[in-house]
Amino acid sequence: MLRGLLTPVLAMFLLVTGTQIAQAQEKSGIKEGFVLKEKSAKILLIRPTIKVGAQSTGGMFEPNADWTAQAKENLGAALAAAQGKLGNEVIVAEEPIGAAAEKMADYRALFSVLADSVIRYQFFPGNRLPTKKRKGVFEWTMGPGVAEIAKGTGADYALFIYNEDQYGSTGRKILQIFAAMAYVSVKSGEHAGYAGLVDLRTGDLVWLNADQAMGGDVRTPEGAQKRIGQLLEDFPGSAPKPTPALAAAK
């Protein structure tokens, strides 16, 4: 009887909150013909956008300042350690002030919108746009104006990173249990991130790696290292990973 009563309620809940969202089936893309040779370019690392908080019973994001501070420290350290493995010179963008700060914020936001569009309309085949269906097509751009954020740096590319973690609240976990009793799937927690490389001469997005179900608890140093490894997996021009046999031999 309890299951019978819960089923219509949970069904309405899912309809309103949009909990059941189709996940992307592909996780990375690279512009056709793009090759980044090792030690051939200068990459400007834009300060990552990092959001950490709780997921309410209704699925809303509730920021947590302490968790976010921990994540920024841990991810920053992990990212600094990973820079030397990217195959090219990496310089960290200075935080601008005044009008320049607003422009930087605008381009961070634009990158997030662009990445979301790639995930929704190219990585998920069911939503793929007609112009993106040809094999090998990966044509997305932020526009040539993005070069303004790199003035005076001599950088060839900009690396944008976005990370968001929502840890399921007690209420959300309880809802997940009741939903399971009614044979309805409810997720507790969301862990998404993406990293993208933009050609500063054209504004074109030449590489994007995205995952809507990432691993590693960014509130810990070990989890942050795992997360950065996932975000920068198969980064163009980076040193190839040793094969298991070679690693064992070493």
Side-chain angles (χ1 to χ4, degrees), residues 29 31 36 41-55 60-80 82-83 86 88-123 138-166 190-212 214 218-219 224 227-228 231-232 235-236:
K31 186 176 180 180
L36 181 61
K42 182 181 288 188
I43 300 169
L44 182 67
L45 173 61
I46 308 301
R47 179 173 59 84
T49 299
I50 299 171
K51 299 180 179 180
V52 186
Q55 186 181 47
M60 301 297 292
F61 176 66
E62 299 176 340
N64 185 298
D66 291 337
W67 292 353
T68 300
Q70 291 173 350
K72 286 182 177 180
E73 181 178 352
N74 294 332
L75 288 171
L79 187 56
Q83 289 177 29
L86 296 185
N88 284 277
E89 180 184 358
V90 178
I91 56 175
V92 180
E94 296 183 2
E95 279 303 301
I97 58 175
E102 293 182 9
K103 189 174 293 295
M104 178 68 81
D106 288 342
Y107 276 108
R108 279 199 187 100
L110 177 59
F111 169 73
S112 294
V113 172
L114 180 66
D116 286 339
S117 296
V118 175
I119 294 168
R120 183 178 297 273
Y121 297 116
Q122 178 144 18
F123 287 176
F138 189 79
E139 298 177 353
W140 302 86
T141 186
M142 294 179 68
V146 70
E148 295 181 30
I149 66 174
K151 280 185 177 179
T153 65
D156 304 294
Y157 300 92
L159 174 60
F160 290 85
I161 294 177
Y162 178 93
N163 183 88
E164 181 173 331
D165 286 274
Q166 301 182 29
E190 299 283 345
H191 306 279
Y194 35 79
L197 192 65
V198 175
D199 188 331
L200 289 169
R201 292 161 294 189
T202 62
D204 291 347
L205 179 65
V206 293
W207 171 81
L208 181 72
N209 183 40
D211 195 335
Q212 301 295 81
M214 305 200 79
V218 296
R219 297 170 296 183
R227 180 65 57 85
I228 291 298
L231 286 169
L232 298 179
F235 184 84

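Counting begins at 1 with the first residue of the sequence.
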> Taking it one step at a time, do Tyr107 and Ile46 satisfy side-chain contact (heavy atoms from CB on, under 4.5 Å)?
Replying inline: CA-CA 10 Å; Tyr107 276 108; Ile46 308 301; over 6 Å; no
>> Applying side-chain contact (heavy atoms from CB on, under 4.5 Å) to Leu159 and Val90, what does each step give before you reach the verdict?
In response: CA-CA 9 Å; Leu159 174 60; Val90 178; 5.9 Å; no
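A distance-only check finds a donor-acceptor pair linking the side chain of Arg108 to the backbone of Arg47 [under 3.5 Å]. Between the side chain of Asn74 and the main chain of Arg219, a donor-acceptor pair closer than 3.5 Å is present. Remark: side-chain polar atoms of Tyr162 are not paired, donor with acceptor, to backbone N or O of Gly196 under 3.5 angstrom. With Thr68 contributing its side chain and Lys51 its backbone, the two residues share no donor-acceptor pair below 3.5 Å. When atom types are taken as modelled, the side chain of Thr141 and the backbone of Gly203 share a donor-acceptor pair closer than 3.5 angstrom. The backbone N or O of Val206 lies less than 3.5 Å from no partner atom in the side chain of Asp204, so there is not a single donor-acceptor pair.
Distance check, rounded to the nearest 0.5 Å: CG of Asn163 to NZ of Lys72 gives 11.5 Å. Of the inter-residue distances, the one linking Met142 atom CE with Leu110 atom CG reads 4.0 Å to the nearest 0.5 angstrom. The CD1 atom of Ile119 sits 9.0 Å away from atom CG of Asp211, with the distance rounded to the nearest 0.5 Å. Put simply, CG on Asn209 and CZ on Phe235 are 10.5 Å apart, with the number rounded to the nearest 0.5 Å. Within the model, atoms CE of Met104 and CD of Glu95 stand 6.0 Å from one another, a figure rounded to the nearest 0.5 Å. The structure places CZ of Phe61 at 11.5 Å from CD of Glu190, a figure rounded to the nearest 0.5 Å.
In this structure, Ile149 and Leu44 approach most closely via the heavy-atom pair O-CD2, 3.9 Å. Of all non-hydrogen atoms in Ala192 and Gln212, the two that sit nearest each other are CB-OE1, 3.6 Å. Between Trp207 and Ala195, the shortest heavy-atom distance links the atoms CZ3-O, 3.5 Å. Across Ala41 and Asn88, no two heavy atoms sit closer than the pair N-OD1, 2.8 Å. Here the shortest heavy-atom pairing between Arg227 and His191 reads NH2-CB, 4.0 Å. In terms of heavy-atom proximity, Trp67 sits nearest to Gly53 at CZ3-O, 3.5 Å.
By the 4.5 Å heavy-atom criterion applied to side chains, Phe138 and Val118 are counted as neighbours. Proximity of Lys42 to Tyr157: side-chain heavy atoms (C-beta onward) are nowhere separated by under 4.5 Å. In this structure, the side chains of Leu79 and Leu45 come closer than 4.5 Å at one or more pairs of heavy atoms. Using a 4.5 Å heavy-atom threshold, the side chains of Leu200 and Val146 count as touching. When side chains are defined from C-beta on, Leu75 counts as touching Ile228, because their heavy atoms get closer than 4.5 Å.
Taking a 6.0 Å sphere around CD of Glu62, one finds it holds more than 12 heavy atoms contributed by other residues, nucleotides or ligands.
Note on Lys31 versus Asp199: no salt bridge recorded, every NZ/NE/NH1/NH2 to OD/OE distance being 4.0 Å or above.
Note on ring orientation: taking the six-membered ring where Trp is involved, the planes of Phe111 and Phe160 are parallel (angle under 30°, cut-offs 30° and 60°).
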